[in-house]
Amino acid sequence: MRVALFITCIGDTILPEVGRSTVAILERLGHEVVFPNEQTCCGQLHANSGYRGVATALARRFVRVFGEHDVVVSPSSSCVGMVRAVYPDLARESDDARLEREVAELAPRVFELSELLVRRLGVTDVGAAFPERVTYHPTCHSLRVTRVGDAPLRLLRDVQGLELVELPGAHECCGFGGTFAVKNAETSTAMVADKCRAIVSTGARVCTALDGSCLLQIGGRLERERSRVRALHLAEILASEAR
């Protein structure tokens with residue numbers, strides 16, 4: 001399969017290893033990964049902040065850049081959710097029949113990494129080895145927008161040497177929420193403090209999730225608390241191999 005990688009802003013500027021890991025996993029499974037150089041932000045920040053016109057312009061660009069590809073993958077349930085759930089609304093608001101049609105055709109071909117592996121490729125064992133105690137935080141978008149279900153858990157259970165432990169209050173938000181963390185800093189701080197207490201209580205050495213933004217929120221708090229627990233993206237775990 002030839003797969004186009006949508007890297008996302010956070011992957012591009014802050015967490016490049018997540019993108020590299022995504023490529024490593026797919027190439028290990030024998031697939032070709034291409035990177036459209038003209039890609040930019042999906043517009044989620046703009047849409048959430050009320051700049052719907054700017055977000056629509058970015059949706060048009062996304063369709064132009066990725067429209068020719070049969071499969072698009074991203075290591076972010078949040079950005080995939082933007083394409084699949086919000087782009088159709090933006091297209092309708094713009095009264096642009098062509099954009100509506102192009103979004104409707106492209107959106108079903110855009111996958112978050114874990115759902116691409118499990119649901120489209122039928123793979124749960126990607127040849128990974130990661131001998132650590134790990135807990136999984138299901139992010140809000142992965143639960144309620146992208147709806148990846150148990151795909152991440154199935155992948156983690158098939159990682160050699162990995163001990164998966166349940167996270168208390170797993171479905172509770174970490175408090176990031178994009179601009180929410182900036183506009184409501186005190187509330188966001190209280191929420192991530194609760195989340196990190198739950199993570200530490202599991203005895204896990206690693207907390208993983210599907211969204212780099214949430215992992216930055218959680219990892220930053222854990223670091224400030226001088227915790228030994230690391231925050232790692234699912235792709236980084238799945239890209240690990242036995243030494």
Side-chain angles (χ1 to χ4, degrees), residues 1-36 39 41-42 44 62 65-66 69-85 106-130 134-160 162 164 176 206-216 218-219 230-241:
M1 183 180 291
R2 191 169 187 261
V3 182
L5 174 62
F6 171 38
I7 191 63
T8 78
C9 298
I10 286 181
D12 177 47
T13 58
I14 303 175
L15 299 173
E17 188 54 40
V18 174
R20 295 191 191 102
S21 297
T22 301
V23 174
I25 296 161
L26 291 170
E27 289 185 343
R28 184 194 301 160
L29 295 173
H31 304 288
E32 177 189 2
V33 182
V34 296
F35 185 84
Q39 62 182 283
C41 176
C42 68
Q44 181 178 174
F62 187 95
V65 172
F66 288 100
H69 297 281
D70 293 332
V71 177
V72 180
V73 68
S74 178
S76 168
S77 66
S78 161
C79 296
V80 170
M82 175 68 183
V83 174
R84 296 205 310 229
L106 177 58
R109 307 200 305 268
V110 181
F111 295 88
E112 180 276 325
L113 176 62
S114 73
E115 62 176 359
L116 174 69
L117 292 171
V118 175
R119 295 181 183 171
R120 178 67 186 269
L121 302 179
V123 174
T124 58
D125 186 347
V126 298
F130 193 77
V134 177
T135 194
Y136 169 67
H137 166 60
T139 63
C140 294
H141 276 85
S142 67
L143 283 171
R144 302 175 182 90
V145 182
T146 317
R147 300 182 185 275
V148 301
D150 66 347
L153 296 173
R154 293 175 65 184
L155 289 161
L156 288 168
R157 291 184 187 118
D158 276 352
V159 173
Q160 180 182 342
L162 186 147
L164 183 62
F176 180 72
V206 173
C207 174
T208 192
L210 306 182
D211 286 289
S213 52
C214 298
L215 289 168
L216 288 173
I218 292 168
R230 293 182 294 156
L232 280 179
H233 194 281
L234 176 69
E236 295 178 273
I237 292 177
L238 298 181
S240 300
E241 298 181 278

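Given the structure is predicted, the values throughout are model-derived calculations rather than measurements. Values below: all heavy atoms of this structure, side chains included; hydrogens, waters and symmetry mates excluded.
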Nearest 0.5 Å please: distance from the CG atom of Leu238 over to the CZ atom of Phe130.
10.0 Å
Are the side chains of Val148 and Phe111 in touch, meaning some heavy atoms are under 4.5 Å apart?
no
Any residue meeting salt bridge (charged side-chain N to carboxylate O under 4.0 Å, His left out) with Glu17, in chain and number order, not counting sequence neighbours:
Arg20
What pair of heavy atoms forms the shortest contact from Val18 to Ala235, and how long is it?
O-CB, 4.0 Å
Residues passing the side-chain contact (heavy atoms from CB on, under 4.5 Å) test with Val145, sequence neighbours excluded, are Ala85, His141
Restricting to non-hydrogen atoms, name the atom on Val65 and the atom on Pro36 that form the minimum distance, rounded to 0.1 Å.
CG1-CB, 3.5 Å
Please enumerate all residues that pass side-chain contact (heavy atoms from CB on, under 4.5 Å) together with Arg157, with sequence neighbours excluded.
Leu153, Arg154, Leu164
Mind checking the NE2-CE spacing from His31 to Met1? Nearest 0.5 Å is all I need.
6.0 Å
Hits for salt bridge (charged side-chain N to carboxylate O under 4.0 Å, His left out) against Arg144, two or more places apart or cross-chain, chain-then-number order -> none
State the OG-CG distance between Ser240 and Leu162, to the nearest 0.5 angstrom.
9.5 Å
With sequence neighbours excluded, give me every salt bridge (Lys or Arg N to Asp or Glu O under 4.0 Å) pair touching residues 21-30.
Arg28-Glu241
Between the SG atom in Cys9 and the CG atom in Leu15, the distance rounded to the nearest 0.5 Å is 12.0 Å
Less than 4.5 Å apart, side chain to side chain, heavy atoms only: is that true for Phe66 and Val110?
no
Contacts of Thr208 that satisfy side-chain hydrogen bond (donor to acceptor under 3.5 Å, both in side chains) - sequence neighbours left out
none
To the nearest 0.5 Å, atom CG of Leu113 lies from atom CD1 of Ile25 at 5.0 Å
Result for side-chain contact (heavy atoms from CB on, under 4.5 Å) between Leu117 and one of Asp125, Leu29, Thr124 points to Leu29
I'd like to check the side-chain hydrogen bond (donor to acceptor under 3.5 Å, both in side chains) partners of Glu115; sequence neighbours left out, ordered by chain and number.
Arg84
Can you give the donor-acceptor pairs under 3.5 Å from side chains of residues 72-80 to other protein atoms, not counting sequence neighbours?
| residue | atom | partner | partner atom | Å |
| --- | --- | --- | --- | --- |
| Ser74 | OG | Phe6 | O | 3.1 |
| Ser76 | OG | Ser78 | N | 3.4 |
| Ser76 | OG | Cys79 | N | 3.1 |
| Ser76 | OG | Asp211 | OD1 | 3.1 |
| Ser77 | OG | Thr139 | OG1 | 3.4 |
| Ser77 | OG | Ser142 | N | 3.3 |
| Ser77 | OG | Asp211 | OD1 | 3.4 |
| Ser77 | OG | Asp211 | OD2 | 2.4 |
| Ser78 | OG | Gln44 | OE1 | 3.0 |
| Ser78 | OG | Gln44 | NE2 | 2.7 |

Out of curiosity, Arg119 CZ to Glu112 CD, how far, rounded to the nearest 0.5 Å?
9.0 Å
Sequence neighbours left out, what passes side-chain hydrogen bond (donor to acceptor under 3.5 Å, both in side chains) with His233? Give chain and number order.
none
Who pairs with Ala231 by side-chain contact (heavy atoms from CB on, under 4.5 Å), at least two apart in sequence or on another chain?
Leu215
side-chain hydrogen bond (donor to acceptor under 3.5 Å, both in side chains) partners for Arg109, two or more places apart:
none
Got a sec, which residues hit side-chain contact (heavy atoms from CB on, under 4.5 Å) with Leu143, two or more places apart in sequence or on another chain?
Pro138, His171
